[in-house]
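Remarks on the structure that follows.
Because only heavy atoms are used, hydrogens play no part in the values below, and waters and symmetry mates are left out as well, while side chains stay in. A note on names: the letters A, B, ... follow the listed sequences, proteins ahead of strands, and every chain is numbered from 1.
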2 protein chains.
Amino acid sequence: MQRVDAGLSVSGTARSRSASIRDVARIAGVSHQTVSRVINRHAKVSPATRERVQKVIDELGFRPNASARALANGDTQSVTVLMSDTTRYGYLATLTGIEEAARAASFSVGIVVIESGSSSHVRAAIENAIDTGGALVVVAFDKTGQLALREVPERIPMAAAVESPASAPPAGAPWCWIDDEAAARDATRYLLELGHPTVHYVALPSTTRSSRRTAGWRSALRRAGIDPPTPLQADWGALSGHEAGVFLSRDPGVSAILCGNDEIALGVLSALHAERRKIPGDVSVAGFDDEPQSAFYTPALTTTKLDFVALGRSCFATVTARLGGEHVEPHPVGTPELVVRASTGSPRRARS
Amino acid sequence: MQRVDAGLSVSGTARSRSASIRDVARIAGVSHQTVSRVINRHAKVSPATRERVQKVIDELGFRPNASARALANGDTQSVTVLMSDTTRYGYLATLTGIEEAARAASFSVGIVVIESGSSSHVRAAIENAIDTGGALVVVAFDKTGQLALREVPERIPMAAAVESPASAPPAGAPWCWIDDEAAARDATRYLLELGHPTVHYVALPSTTRSSRRTAGWRSALRRAGIDPPTPLQADWGALSGHEAGVFLSRDPGVSAILCGNDEIALGVLSALHAERRKIPGDVSVAGFDDEPQSAFYTPALTTTKLDFVALGRSCFATVTARLGGEHVEPHPVGTPELVVRASTGSPRRARS
DNA sequence: CTGAAAGCGCTTACAG
DNA sequence: CTGAAAGCGCTTACAG
């Protein structure tokens, strides 16, 4: 069986297209199916032929064409992550975890960002993501992400990173989260133990009926016999933290502020400095996330480390389980860990 | 014209696989090639059939299979971005720009991160990226990225985001960059105009023979008749900035510090605070990037806005030009813009 | 353990 | 302007 060389030269020069499974087969003296078997690690290949084929594969630098593979067996070995924001720490760290896990499993990872919360943008993003043919992970920390989550067709293998659910999630829901309630409870308790009469809270937007982060903060206060003050509502950025900080700094009764994330805490710090309040002498400030920069804020920020990278890895594991026909039950990931730094301390004694 | 339902139901229920080009063709009463023509916007289709086919496409919610398409014409309509870091502002903002442009052009975007600078990791990353079948954009701000850049096979359509080159780049090199020299020159001149006797520089690692950022800083000093001090070498993170800050704070002759990026500046600020130096009273500090948080540092950071999003868009444009057989000449992107905030000011008069 | 056949869903010439 | 043929590079049964 002759074939005309279609631009492939074994010498490696002037290679106009890359080697195919048939090139390998011909050179190794086997059929192309056998080559397919060795690249897919099928058991039923004799060691001798396996070795011979593998040698040719290595020599040629043959790499199977992913598109052809996907077409033939409907399996893309890819995951695309859908998110509404590429600049927030939690989102990025989650993406990083997904990417790590995907790389280890030889999956490729795509990314599509949802332009806005409008339903046409959400739908367009989902279609783009699906077109790739692989599985989906949606980062659904915010409203837009939640919208997307609900719009993903039933048949698509999917997992989602979400806020801690307000009530037990439906069995089999492919959700992963960080235990927000425990994180907030522990941080609040720590502040209380420092001697603060109460702890004020600047909240992130919640996608749930009742934020677990807020609930954890409240429950710690109540257990200490304290009636929780009204939480302030921020968004995700430092500016909204700054605004909340300005407001709180004017109330001399405020001695401890817990912030929904480190970025908000940065804004609060900047407001307190502007208002000439001492930190932590007058006011203690704590955040959530432990993003790398927070150790260098002024003062260094006390915060709770949230393991978004592990969250991303779990999302990947969840979605690949689905790909394999298994169901992983919804579950929390990791253990939030308080990191005490210089922005918190005991309140000054005699404030009048 | 009857058809056996192969799991496709027009009613939309129990759809076991999605519609193919042949389903559309059959229902519209045309050949599948004609359907191919209308989805590819070929000119030679009569308005009447085009409309009829389009209607069926919409009704069925038909979306062409990307893998099949890629296999048939060798064109993936995808770009994968290769980078060594997913947490640095400049990298992310560049990715954001690529994603934006890609979305607008209906390209999908993949991401592969290079695990380390070891040549096996670099090579593995490149192979993963290539396997996807599309074009490549490598973010080559650091050594690892530069390594990757050099290892990408000639035949792969590619663009790269790089540091400003030290000398004129080879004609046709698919490189985009931000004008580092102008940025550093202007920032230094600004500090000098404030009355500082000199400006110290904390440098990012450079991948070039001679960093343009450093060169810009030097040339501004020389034009003012000042002999440039030795720059300090940092890496990309706040910790190295902190270390540099501690060192510089001990020299009472230091009144102005220009930092390679905002993160380094954050570290310098934290060191100066720790050493009880007033900012900007004793020392002025400026950064590069203008990342969103820098306006909330203590004090708010003077910095130079670098348009990485535009850089990402240019990279995408460059690589799609290559895909179309055109060559874009290597070029700088955007105009760095000084953003004056509270961390810089005139030096105090009588320091002894 | 290995090979010949058929097909995944498209596109690209080639006819008409 | 439109259709019949061939093929992109694989994998999945089915024989042997």
Side-chain angles (χ1 to χ4, degrees), chain A residues 1 3-4 6-8 15-54 56-57 60-78 130-134, chain B residues 1 6-8 16-54 57 60-78 130-134:
Chain A
M1 180 175 292
R3 71 185 281 281
V4 179
L8 179 89
R15 175 175 304 183
S16 71
R17 68 173 181 75
S18 47
S20 82
I21 207 178
R22 286 174 209 271
D23 297 315
V24 175
R26 187 171 24 76
I27 296 175
V30 296
S31 73
H32 67 277
Q33 287 94 329
T34 297
V35 177
S36 173
R37 285 186 191 101
V38 350
I39 64 184
N40 289 296
R41 290 174 175 32
H42 280 273
K44 311 300 186 66
V45 183
S46 78
T49 57
R50 173 184 305 283
E51 194 180 324
R52 185 150 40 92
V53 170
Q54 188 59 54
V56 177
I57 287 175
L60 253 40
F62 165 77
R63 311 216 92 212
N65 177 310
S67 298
R69 225 164 175 174
L71 219 211
N73 71 1
D75 178 6
T76 330
Q77 301 277 300
S78 82
I130 290 176
D131 283 352
T132 309
Chain B
M1 180 174 291
L8 178 89
S16 71
R17 66 174 181 74
S18 46
S20 83
I21 206 178
R22 287 175 208 273
D23 296 317
V24 174
R26 192 168 19 74
I27 296 175
V30 296
S31 73
H32 68 277
Q33 288 95 326
T34 296
V35 176
S36 173
R37 284 185 192 102
V38 350
I39 65 185
N40 288 298
R41 290 174 175 31
H42 280 274
K44 311 300 185 68
V45 182
S46 78
T49 57
R50 173 185 304 281
E51 194 181 325
R52 187 149 40 95
V53 169
Q54 190 59 54
I57 287 174
L60 254 39
F62 165 78
R63 311 216 92 212
N65 178 310
S67 299
R69 224 163 175 175
L71 219 212
N73 70 1
D75 178 6
T76 328
Q77 299 276 300
S78 83
I130 290 176
D131 283 353
T132 309

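In this structure, the separation between OG1 on Thr76(A) and CG on Leu71(A) is 10.0 Å, given to the nearest 0.5 Å.
Screening Arg69(B), Arg63(B), Gln77(B) for a side-chain hydrogen bond (donor to acceptor under 3.5 Å, both in side chains) with Asp131(A), the sole residue that qualifies is Arg63(B).
Considering only side-chain N and O atoms, Ser46(B) lies under 4.0 angstrom from the phosphate OP1 or OP2 of dT2(D). Of the side-chain N and O atoms in Thr34(A), one or more sit less than 4.0 angstrom from OP1 or OP2 of dG3(C). Contact annotation: Ser31(B) side-chain N/O to dT2(D) OP1/OP2 distance is not under 4.0 Å. Within the 4.0 Å cut-off from OP1 or OP2 of dG9(D), not a single side-chain nitrogen or oxygen of Ser20(A) is found.
No donor-acceptor pair under 3.5 Å is formed between the side chain of Ser67(A) and the backbone N or O of Ala70(B). Remark: side-chain polar atoms of Asn40(B) are not paired, donor with acceptor, to backbone N or O of His42(B) under 3.5 angstrom.
A pairwise comparison of heavy atoms in Ser78(B) and Thr132(B) identifies OG-CG2, 4.1 Å as the closest pair.
Judged by Watson-Crick or G-U wobble contacts below 3.5 Å, the nucleotide dA4(C) has no partner. Partner assigned to dA13(D) is none, using Watson-Crick or G-U wobble distances below 3.5 angstrom.
Following rounding to the nearest Å, Ile57(B) (CD1) and dC10(C) (P) show an atom-to-atom distance of 10 Å. Rounded to an integer number of Å, the gap from Asn65(A) CG to dG9(D) P is 7 Å. Taking atom CG on Asp131(B) and atom C1' on dC10(D), their separation rounds to 14 Å, with Å as the unit.
Among the atoms of the strands shown, only primed sugar atoms or phosphate atoms (P, OP1, OP2) are found under 4.0 Å from some heavy atom of Thr49(B).
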Using atom names, set out every protein N or O paired with an N or O of nucleotides 11-14 of chain C below 3.5 Å, distance rounded to 0.1 Å.
residue : atom : partner  : partner atom : Å
dT11(C) : OP1  : Asn40(B) : OD1          : 3.3
dT11(C) : OP1  : Asn40(B) : ND2          : 2.8
dT11(C) : OP1  : Arg69(B) : NE           : 3.0
dT11(C) : OP2  : Ser36(B) : OG           : 2.4
dT11(C) : OP2  : Asn40(B) : ND2          : 3.3
dT11(C) : O4   : His32(B) : NE2          : 3.2

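Put simply, the side chain of Val38(B) does not reach to within 4.5 Å of the side chain of Arg52(B), judged on heavy atoms.
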